[in-house]
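These figures come from a predicted structure and were not determined experimentally. Order of listing sets the numbers, starting from 1, for every ligand and every atom in it. The analysis underlying the following values was restricted to heavy atoms, covering all of them including side chains, and did not include hydrogens, waters or symmetry mates.
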Amino acid sequence: MDRYLVFGHPVRHSKSPFIHTLFARQTQQELEYGLAEPAVDEFAQALRTFFDQGGKGCNVTVPFKEQAFTLVGRLSPRAKRAGAVNTIKLTDDGVLLGDNTDGAGLVADLKSHGVTLADSRILLLGAGGAARGALAPLLAELPSELVIANRTHTKAQQLAAEFHDLGPVIAQTYEQLAGPFDLVINSTSASLQGELPPLAPALIHTDIAIYDMMYGASDTAFISWAKQHGARQSMDGLGMLVEQAAEAFTVWRGIRPGTKQVLRELKRNLGVI
Ligand code: ATR
C-alpha cells in the first residue's frame with residue numbers, strides 16, 4: 001500500500017492522519033498515512049530512510065519546514081517563494097519534489113467562508129514562516145493593499161521588500177497602523193504563549209473579518225479579543241489545516257478531495273461541535 005506520513009516535532013497530536021485517512025476513503029484511494037517524530041537533528045536521515053523504504057510522499061510541519069526546503073531535489077514555484085516546504089512528493093522520475101500548500105490552504109479557506117480578497121485592504125500580523133507562506137497566494141488575489149505589521153519591524157520590512165514585485169505590500173509598525181482594514185490575519189505565534197499581538201482595539205469594527213491561523217477547541221485568545229471589540233466574522237485555522245491537506249493530497253494523488261464533510265468530522269473529533 002502507498003505510504004505517506006507527516007514529519008514534525010512534536011507531532012503526536014497532529015490531525016493530518018485523521019484528515020488524510022478520510023480523504024483516502026472519500027476518493028477510494030488505497031494508502032496509509034502515519035506520523036514520524038525524529039529528533040530535531042535527525043530529520044534529514046529520517047526523511048531519506050522513509051523514501052528509501054518506499055514512501056511516496058510526506059507532509060512536513062514545525063520545526064522542519066525550512067530544513068525540508070534544503071533537502072529536496074526540486075522546488076515548486078510556490079515553495080521557492082515561501083522559503084519552506086510542507087509537502088514532499090516522490091515523482092515518477094525519482095526526484096523529491098518540495099511544495100508548499102499552506103498559503104493556498106489559507107486562501108481556499110477564506111474563500112469558503114465567503115471572504116472577498118480582491119480589492120480588499122488586508123492586515124497581516126507577524127513576519128515569520130507562516131506569514132511568508134501566505135504572502136504570494138494572498139497577493140495573487142489582488143487586494144488593494146496588504147500591510148504587514150510585526151513586533152520586530154525590520155522583519156516586516158524585509159518581507160514587504162521581498163514580495164513587492166507581486167503586489168501592493170507595505171510594512172508598518174503596530175503604532176503606525178490606520179484603518180479601515182477589511183480583513184486581519186493573525187499569523188503570529190503569540191497565542192502559544194497566551195499573548196495577543198499589540199493591536200489597537202480601534203482597528204476592529206463591525207464590518208471586519210478576523211482570521212487566526214491558530215486553532216483550538218475554543219476561541220483563540222485573538223478571536224475572543226476581536227469579538228469583544230465587535231468583529232462580525234471570525235475564523236480560526238482549522239479550515240486552513242484541512243484545505244492545505246486537500247491541496248497536498250491533490251499533489252500526491254492527482255485527485256482533489258472534498259473538504260466540507262472532513263472539516264465537520266474533524267470538528268466533531270476535536271469536540272468543537
Ligand atoms: P511561524 O513559522 O509560525 O510563523 P515564527 O517564524 O517563529 O513562527 O514567527 C512567529 C511570529 O510571531 C513572528 O512574527 C513573531 O514576531 P517577532 O518577529 O517579533 O519575533 C510573532 N510573535 C510571537 N510572539 C508574539 C507576541 N507575543 N506578540 C507579537 N508577535 C509575536
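Between Arg25 and Glu30 no salt bridge is recorded (no basic side-chain N to carboxylate O distance below 4.0 Å). With salt bridges taken as basic N to acidic carboxylate O contacts below 4.0 Å, none links Lys267 and Asp236. In summary, Arg81 and Glu162 do not engage in a salt bridge, as defined by a charged side-chain N under 4.0 Å from a carboxylate O.
Both the sub-6.0 Å distance and the 45° axial angle are not jointly satisfied by Arg151 relative to the ring of Tyr174.
The shortest contact between atom 27 (N) of ligand 1 and any protein heavy atom is with Glu195 OE1, 2.5 Å. The protein atom (non-hydrogen) at minimum distance from atom 9 (O) of ligand 1 is Gly128 CA, 3.4 Å. Scanning the protein for heavy atoms near atom 26 (C) of ligand 1, the closest one is Arg151 NH1, 3.3 Å.
Distances between N or O atoms of Ala130 and those of ligand 1 include at least one value under 3.5 Å. At least one N or O atom of Thr152 sits closer than 3.5 Å to an N or O atom of ligand 1. Of the N or O atoms in Ser189, one or more lie within a sub-3.5 Å distance of an N or O in ligand 1. In terms of N/O distances under 3.5 Å, ligand 1 is approached by Gly129.
The 12-atom threshold is exceeded at CZ of Arg268, counting heavy atoms of other residues, nucleotides or ligands nearer than 6.0 Å.
Residue contact check: Gly126 has heavy atoms under 4.0 Å from atoms 14 (O) of ligand 1. Against a heavy-atom cut-off of under 4.0 Å, Gln193 is close to the following atoms of ligand 1: 24 (N). Heavy-atom proximity to Ala127, at under 4.0 Å, picks out these atoms of ligand 1: 14 (O).
Within 4.0 Å of atom 20 (O) of ligand 1, at least one protein heavy atom is present.
With a heavy-atom cut-off of 4.0 Å, Asn150 touches ligand 1 through its side chain alone.
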Could you please spell out the steps behind the side-chain contact (heavy atoms from CB on, under 4.5 Å) verdict for Gln233 and Tyr211?
CA-CA 9 Å; Gln233 186 181 12; Tyr211 196 99; over 6 Å; no

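Other cluster members for Leu22: Tyr4, Val6, Val11, Phe18, Ile19, Phe23, Leu31, Tyr33, Leu35, Tyr215, Leu238, Leu241, Val242, Phe249, Trp252, Ile255, Val262, Leu263, Leu266, Leu270, Val272, joined by side-chain heavy-atom distances under 4.5 Å among Ile, Leu, Val, Met, Phe, Trp and Tyr.
For the atom pair Met235 CE and Ile210 CD1, the distance stands at 8.0 Å (nearest 0.5 Å).
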